[in-house]
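To start, the structure itself, in structure tokens.
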There are 4 protein chains.
Amino acid sequence: MTESGRSTAGRGRIDKRSAILEAAVKVFTREGYAQAGIDAIAAVAGVAKPTVYNHFGDKENLFRIVMRDGAERTSNRIIAALASLPDDGQDLEGELERVAHRVIECQLGDEGWGLQRLLYAEAARLPDLYDQVVARGSQPVLDVLCGRLAGLANRGHLDFDDPAVAATQFIALVSGNLPGLSALGTRPVARADLDAAVRTGVDAFLRAYGTQRRRRPRRG
Amino acid sequence: MTESGRSTAGRGRIDKRSAILEAAVKVFTREGYAQAGIDAIAAVAGVAKPTVYNHFGDKENLFRIVMRDGAERTSNRIIAALASLPDDGQDLEGELERVAHRVIECQLGDEGWGLQRLLYAEAARLPDLYDQVVARGSQPVLDVLCGRLAGLANRGHLDFDDPAVAATQFIALVSGNLPGLSALGTRPVARADLDAAVRTGVDAFLRAYGTQRRRRPRRG
Amino acid sequence: MTESGRSTAGRGRIDKRSAILEAAVKVFTREGYAQAGIDAIAAVAGVAKPTVYNHFGDKENLFRIVMRDGAERTSNRIIAALASLPDDGQDLEGELERVAHRVIECQLGDEGWGLQRLLYAEAARLPDLYDQVVARGSQPVLDVLCGRLAGLANRGHLDFDDPAVAATQFIALVSGNLPGLSALGTRPVARADLDAAVRTGVDAFLRAYGTQRRRRPRRG
Amino acid sequence: MTESGRSTAGRGRIDKRSAILEAAVKVFTREGYAQAGIDAIAAVAGVAKPTVYNHFGDKENLFRIVMRDGAERTSNRIIAALASLPDDGQDLEGELERVAHRVIECQLGDEGWGLQRLLYAEAARLPDLYDQVVARGSQPVLDVLCGRLAGLANRGHLDFDDPAVAATQFIALVSGNLPGLSALGTRPVARADLDAAVRTGVDAFLRAYGTQRRRRPRRG
DNA sequence: GATGAATGAGTTTTCATTCAT
DNA sequence: TATGAATGAAAACTCATTCAT
């Protein structure tokens, strides 16, 4: 009680600010911006309501911080996954599939979907927030992916006109039918469906832009 | 009373029910489900609040009907566009681009985006609604597209393993970076960007699955 | 459709006015004045809402008529029961019990309790209605009872100073703990409890005002 | 902050909770449950509407607490009055009249009548509340009265079979025509009428169960 | 006279936000 | 800084009542 940490009875030391942020992510993604109550967030965080206001000013600001933090966290994880994509074209198909898996897992984990739904929900009302989230979330990911693909193209393992377009298309092909499969993240996706999505996406990508004979022949 | 139903001078009798629906689409998509007030919807529709309740029971039901109707309207328009895709493979690239344009225009017109954002926003809270919207919206579109692509494949104009996968990928490639371009529908897309999206999407699709030499050569 | 009776499909001929009154009694007593909706009354009566207004003007007036009619009906029945009380003092105790039973049954039948609760509920808001109900309901009953008791006293079968007081006390003694027994009419009363109430009430009345030795001696 | 709790100059801090309860009694009894608005209660209490909800949850709960508190308060006062009834039978008639007066005053003071009307009005809708009110209100009163009367009987000052019945009948005789006299509490009762009611009630009670020669002779 | 549809006024309840400590 | 209590503003929903036919 004297110093900094009354420790909220039991949990670690994560101070109140991050407890609130954590709670806010949970409640916002579970209920949506408008339906989420500061009451509920404070309760989940184990603090009093005014404490939320002391730390974050108002609901919208708390929301913005939640969204920006989330975008950053997610994109950092994805970028880390992309970093492991080798340049040398060895087992390109397998490597792309591996990377695609990790991208999908990150972007579309439980929190990821929640944030995505929130972004859609509030994009019209908070256009600047949308920009910030893109700038910290998908844009860096695309940039890095673009770089990796360009590298592979430079070494002759891929062949396309514009690496930025290719990067976008890679993401589109690989995650394009995940919304449908997971009902926008509200239902678990069967492992097999996930694998198939990745496989068919990478397959199409390599058909379009690969320079080597495909591992699996087209017909029979 | 004489002609189409306007009467009693001031009040206007056209069709309150559809006036309300129209207003609801506008307000819901502009504000989001929770922020949209029945007050506002009634005002936009030019009716009294209880009239909304007389016709639709409650807010959630009104929302469901808005979403289902919207999904149906949109998918019907897209299907009509797909119907015009010829089977004979004549100028396949041009035809695919033409169709892609119409698909994009329909699906992502002003109302389309709004409904899509609403769907994302409320999918977690109303999972059955999500199912209905998919069943009346994207699923029929994919089915029809699948059929057309299969026809083209049968005649040798395309070559893929699974027409359903190809259909999904066609949509993904062609509309995959529209969310980014239009900021989830909150900003107008430059004609040129739209064209480029369609062109690069169709290009990639044909590189992957086309059977004829591509019109535009890969490099220079 | 031409003449007077479209007969409301099936039921007898009781025309709409009394159908509405009947329904109103049911709904008012079941729900209370404020909670009772004209909608519900109209539905129970099988008519359209404006029909209720055509017949009765407004809710309060309908309520007044329901209450007055009910008071009159009830008091008429009770008075009929009292008329059968013989003057000659033969088996006075038995006769008083018989009459008490009939009084209680009438006054506190299902509808009776409902109207009583309504009267209590709205007495403060509609004092004139209270007066009318008393004038048509309990007052005539007391008057008649007073007359019968005075007759018995004249013939030496009872002995009191003021027959009006005695009449009031007879009712009080006989029905005084019915509210408790029936939870103000919301719960069925066991036959035995009813009998006991009547017996002990008449017994006390005769102890106070009887002129003959009591049938059942005081002690053992 | 120094003394009883008033502070911060303007707002008044005395005790919002009891201010609300007091206001609720007033408004509920004046208007009835359904017609009473939380608005009005808050206004009378001098607090904001949500404060009412913070303290009591919802309207029905507030109502229940009002009723239970009222029943308890009233019965406590009556029981205190009964406690002063001496056991020794000295001036029994006068003592019974004195007690009867105090019972009537308590039970049927302004608030008492209001609560009684509310109880009648809502008994059908809230049967458990009825039970609680009886359990805290009339039942304890009857129990205590029963004990006092039994004591008097044991000492030979009264003579009846069942003290519980006698207690009920005492109340019935003494307050039986108060509803009529006061128009269910909506009109002031003349002192003389009150006295007469008590006198005739006690007189009848002693005629039925007294063991001494009555003070006032029966006839002339 | 009877009705389907419409409405103005009002209700309970919730919520983001702020005092006072 | 943290909080218990209070509040202004608004939202969903209901209802008695009335048009227009």
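It should be emphasised that the depicted structure is a prediction, and the values quoted were computed from it without experimental measurement. In the text below, chain A, chain B and the rest are named by the order of the sequence lines, each starting its count at 1.
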Check the distance between dT12(E)'s C1' and Glu60(D)'s CD and give it to me in whole angstrom. 13 Å
Check: Thr186(B) and Trp113(B) side chains under 4.5 Å, non-hydrogen atoms: no
By side chain to side chain donor-acceptor pair (under 3.5 Å), Gln132(C) pairs with (sequence neighbours left out) Arg68(C)
Nearest-neighbour nucleotide for the Pro50(C) side chain, dG8(F), dT3(E), dG4(F) considered: dT3(E)
Go through residues 28-36 of chain B and report each residue with a non-hydrogen atom lying under 4.0 Å from DNA chain F, sorted by number. Ala36(B)
Give every residue pair that meets the salt bridge (Lys or Arg N to Asp or Glu O under 4.0 Å) criterion with at least one member in residues 41-52 of chain D, sequence neighbours excluded. Asp39(D)-Lys49(D)
Quick one: list whatever passes salt bridge (charged side-chain N to carboxylate O under 4.0 Å, His left out) with Glu111(C), sequence neighbours left out. Arg73(C)
Of all heavy-atom pairs linking Thr29(A) and Val25(A), the shortest is OG1-O, 2.7 Å
Rounded to whole angstrom units, what separation is found between the NZ atom of Lys16(B) and the C1' atom of dA20(F)? 12 Å
Separation of dT12(E) P from Asp39(D) CG (nearest whole Å): 7 Å
Interatomic distance, Phe63(C) CZ vs dA16(F) P [rounded to whole Å]: 13 Å
For residues 56-66 of chain D, run the donor-acceptor check on the side chains, cut-off 3.5 Å, and write out each pair with its distance to 0.1 Å, sequence neighbours left out.
| residue | atom | partner | partner atom | Å |
| --- | --- | --- | --- | --- |
| Asp58(D) | OD1 | Glu60(D) | N | 3.4 |
| Asp58(D) | OD1 | Asn61(D) | N | 3.0 |
| Lys59(D) | NZ | Tyr33(D) | O | 3.0 |
| Lys59(D) | NZ | Ala34(D) | O | 3.3 |
| Lys59(D) | NZ | Ala36(D) | O | 3.0 |
| Glu60(D) | OE2 | Arg64(D) | NH1 | 2.3 |
| Asn61(D) | ND2 | Phe56(D) | O | 2.9 |
| Arg64(D) | NH2 | Asp128(D) | OD1 | 2.6 |
| Arg64(D) | NH2 | Asp128(D) | OD2 | 2.4 |

Taking Watson-Crick (N1-N3 plus N6-O4 or O6-N4) and G-U wobble (N1-O2, O6-N3), each under 3.5 Å, can you produce the dot-bracket string of DNA chain E? Use [ ] for crossing pairs and | for inter-strand ones. .||||||||||||||||||||
note: Leu62(A), atom CG; dT17(E), atom C1'; distance rounded to Å ~ 14 Å
Asp131(A): what forms a side chain to side chain donor-acceptor pair (under 3.5 Å) with it, not counting sequence neighbours? Arg187(B)
Sequence-distant partners of Glu31(B), salt bridge (charged side-chain N to carboxylate O under 4.0 Å, His left out), two or more places apart: none
Atom pair distance, as rounded to whole Å: CD1 in Ile38(C) and P in dT3(E): 15 Å
Applying side chain to side chain donor-acceptor pair (under 3.5 Å), can you list everything that pairs with Gln35(B), at least two apart in sequence or on another chain? none
Can you list, in residue-number order, the parts of residues 51-59 of chain D that come under 4.0 Å of DNA chain E, counting heavy atoms only? Tyr53(D), Asp58(D), Lys59(D)
Atom NZ of Lys49(D) and atom C1' of dA11(F): how far apart are they, to the nearest Å? 11 Å
Can I get a per-line list of side-chain donor-acceptor pairs under 3.5 Å for residues 116-125 of chain B, giving both atom names and the distance, sequence neighbours left out?
| residue | atom | partner | partner atom | Å |
| --- | --- | --- | --- | --- |
| Arg117(B) | NH1 | Leu184(B) | O | 2.7 |
| Glu122(B) | OE1 | Arg125(B) | NH1 | 2.9 |

Atom CZ of Arg17(D) to atom C1' of dA6(F): distance rounded to whole Å? 16 Å
Across all chains, not counting sequence neighbours, the side chain to side chain contact (heavy atoms under 4.5 Å, CB included) partners of Ala43(B) are none
